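Given the structure is predicted, the values throughout are model-derived calculations rather than measurements. Within every chain, numbering begins at 1; the chains are lettered A, B, ... in the order of the sequence lines, protein sequences first and strands thereafter.
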Amino acid sequence: MPPTMPLLRSIARIPSRQTPLPVLDFLAPRTIAIPHRQISPPSSSLSSRHHSTASTTTNSTNNTNPNSTPSPAPKYPSMRSPLTPEQSSFLDSALRVNQAGELAAVLIYASQTPPLIRAHPNLRPLMKHMYDQEAGHFQYFNALIAKHRVRPTAMYPVWHAAASVLGWGTAVMGREAAMACTEAVETEIGSHYNEQVRVLLDWAEKMEGRGEEVSAEFKGMVGELRRIRDEELEHLDHAVENDAKGARPYELLTNVIRGGCRTAIWITERV
Amino acid sequence: MAPIRLSKSVFGTLRVKPNHTLPIRQRCLYHSYEHDQPPPFPEAESSILSAAMRHVPDHGFTNAALKFGARDAGYLDVSTNLLPRGVFDLINYHLVTQRLALKDSVQFPTEGQVEGKAMGVGAKVRALTLARLRANGPIIHRWQEALAIMAQPTYAPASVAELARLADEIWFLAADTSVDSSWYTKRASLSALYAASDVFMTQDTSKDFIETEQFFDARLKDVSRMGSFMGAVGEWVGYTGHSAVNVLRSKGVRI
């Protein structure tokens with residue numbers, strides 16, 4: 001008894017000193033309302049409300065609140081912790097950029113192919129190989145963003161037109177320019193994928209640190225991103241083998257294209 | 001000792017709140033299947049608002065309904081101050097819970113099990129939209145005042161955002177997988193259709209809202225006719241362009 005006596009006294013003192021205290025009980029009904037209700041006798045004007053409050057607080061101590069039955073708060077027993085807003089917005093913009101990037105890649109190769117293989121028929125198998133790989137990547141990201149409800153970029157028609165013009169324009173400038181375009185684009189895209197893989201692996205490490213199992217969703221995504229990055233870098237090697245460095249204003253061309261890529265990525269992350 | 005605990009719990013509540021409401025405000029973020037989804041409303045808000053919704057048929061979307069709801073949930077009248085936007089929070093609660101209820105209230109037969117033709121995306125969208133409209137049925141006599149509040153300049157952006165989320169939810173549940181520009185046109189046209197039908201329904205006195213259904217079907221037909229016309233135009237332009245380029249290439253023009 002002795003240790004509880006000062007506590008009881010201090011609680012009993014509160015209503016006499018501060019009359020507006022009950023106002024606060026909606027903010028924290030569980031922690032402070034219970035002793036307060038049990039000790040102070042209900043005043044006449046507030047009696048009905050006090051009873052109802054006391055009944056809910058006793059119920060909520062058992063973690064069964066009858067009034068929240070229609071509340072849409074699902075409680076899965078042993079799920080992973082929810083993604084933070086930063087994580088979901090990172091994935092949102094990253095996947096949107098990936099889809100737009102693959103769209104552009106498919107269109108660049110598609111519009112480069114006819115003028116290029118007309119002048120250099122020996123490049124036909126290489127162009128077909130690269131195009132097929134990009135089409136596969138594009139399909140993968142289309143399925144992924146539809147599944148995860150990521151908004152596609154609003155600039156879709158703009159990137160569609162820009163990529164077609166870029167591919168066709170560089171192909172008309174010749175084999176070296178076309179390959180320099182491939183080199184510039186794949187360099188940017190490769191480093192972009194690298195960044196994403198790094199972030200995802202970092203999250204996976206933190207999840208394991210918290211004792212949670214890394215979701216198959218993430219594992220699959222990291223695996224696919226690595227495979228796609230490796231294929232993009234393989235295209236980069238093919239471009240360099242095919243005299244990409246021999247393009248006439250090499251520095252100017254690659255820097256303009258790389259700058260354009262970075263701008264497009266920046267815009268696509270946002271809209 | 002009591003004041004310390006008190007202030008801790010007060011600030012704790014204040015701190016926790018934005019974290020809970022943040023995911024609702026953001027649009028169409030990455031949807032994970034293997035991670036918990038945070039609940040759309042904090043527990044206290046949800047218990048007050050769900051109790052208040054039961055008073056809406058009698059008292060409308062008013063502060064009175066909120067007050068009665070708070071009493072029913074065992075809170076003081078003044079606890080409605082927890083809801084900074086007052087009555088609009090009640091309307092928003094209705095919109096959000098009905099949107100999230102769609103995925104359980106409308107079930108489609110899984111493919112292969114049903115004999116005959118499987119349900120197309122269009123039929124699914126129609127079924128989902130009508131189900132959502134019908135969910136306003138019990139409070140339809142109070143819905144006009146809610147629409148008036150939603151149209152207030154302060155709340156209009158939030159209302160439009162919620163309408164967009166509803167359209168997104170319906171297309172997602174209808175298993176639509178388009179991820180190009182039509183993602184936007186589909187959601188915009190469904191939003192317009194839904195908003196028009198919603199307003200029409202407040203005037204509808206027919207049995208079981210059969211006139212609203214007819215109104216919606218007529219608008220849907222208009223939109224799909226318009227959509228297929230635009231699609232045909234696009235296809236024709238693309239085909240003609242490609243043919244022209246190929247004809248020029250076959251004549252030896254270096255393009």
Which region of [X], side chain (C-beta onward) or backbone (N, CA, C, O), has a non-hydrogen atom less than 4.5 Å from a non-hydrogen atom of chain B, or is it both or neither?
X        : result
A/Ala216 : both
A/Leu103 : neither
A/Thr153 : backbone
A/Gln99  : side chain
A/Ala94  : neither

Show every ring pair (Phe, Tyr, Trp, His ring centres under 6.0 Å) that has at least one partner inside residues 231-255 of chain B, sequence neighbours left out. none

Let me confirm one number: the OG1-CD distance from B/Thr240 to B/Glu235, rounded to the nearest 0.5 Å. 10.5 Å

Which one of A/Leu95, A/Val172, A/Leu83 has the most heavy-atom pairs closer than 4.5 Å to chain B? A/Leu83

Under a 4.5 Å heavy-atom cutoff, which of A/Pro114, A/Pro152, A/Ala146 has the most pairs with chain B? A/Pro152

Test applied, side chain to side chain donor-acceptor pair (under 3.5 Å); reference residue, B/Asn136; option that passes from B/Arg142, B/Gln98, B/His94: B/His94

If the plane angle is over 60° it's perpendicular, under 30° parallel, otherwise tilted; pick one for B/Tyr33 and B/His31. perpendicular

Using 30° and 60° as the class limits, which term best fits the ring planes of A/Phe90 and A/Trp203: parallel, tilted or perpendicular? perpendicular

Counting heavy-atom pairs under 4.5 angstrom with chain A, the leader among B/Ser32, B/Ala175, B/Ala101, B/Ser178 is B/Ser32

Salt bridge (Lys or Arg N to Asp or Glu O under 4.0 Å) between B/Lys103 and B/Glu169, intermediate numbers included: CA-CA 9 Å; B/Lys103 86 172 166 293; B/Glu169 182 85 9; 5.5 Å; no

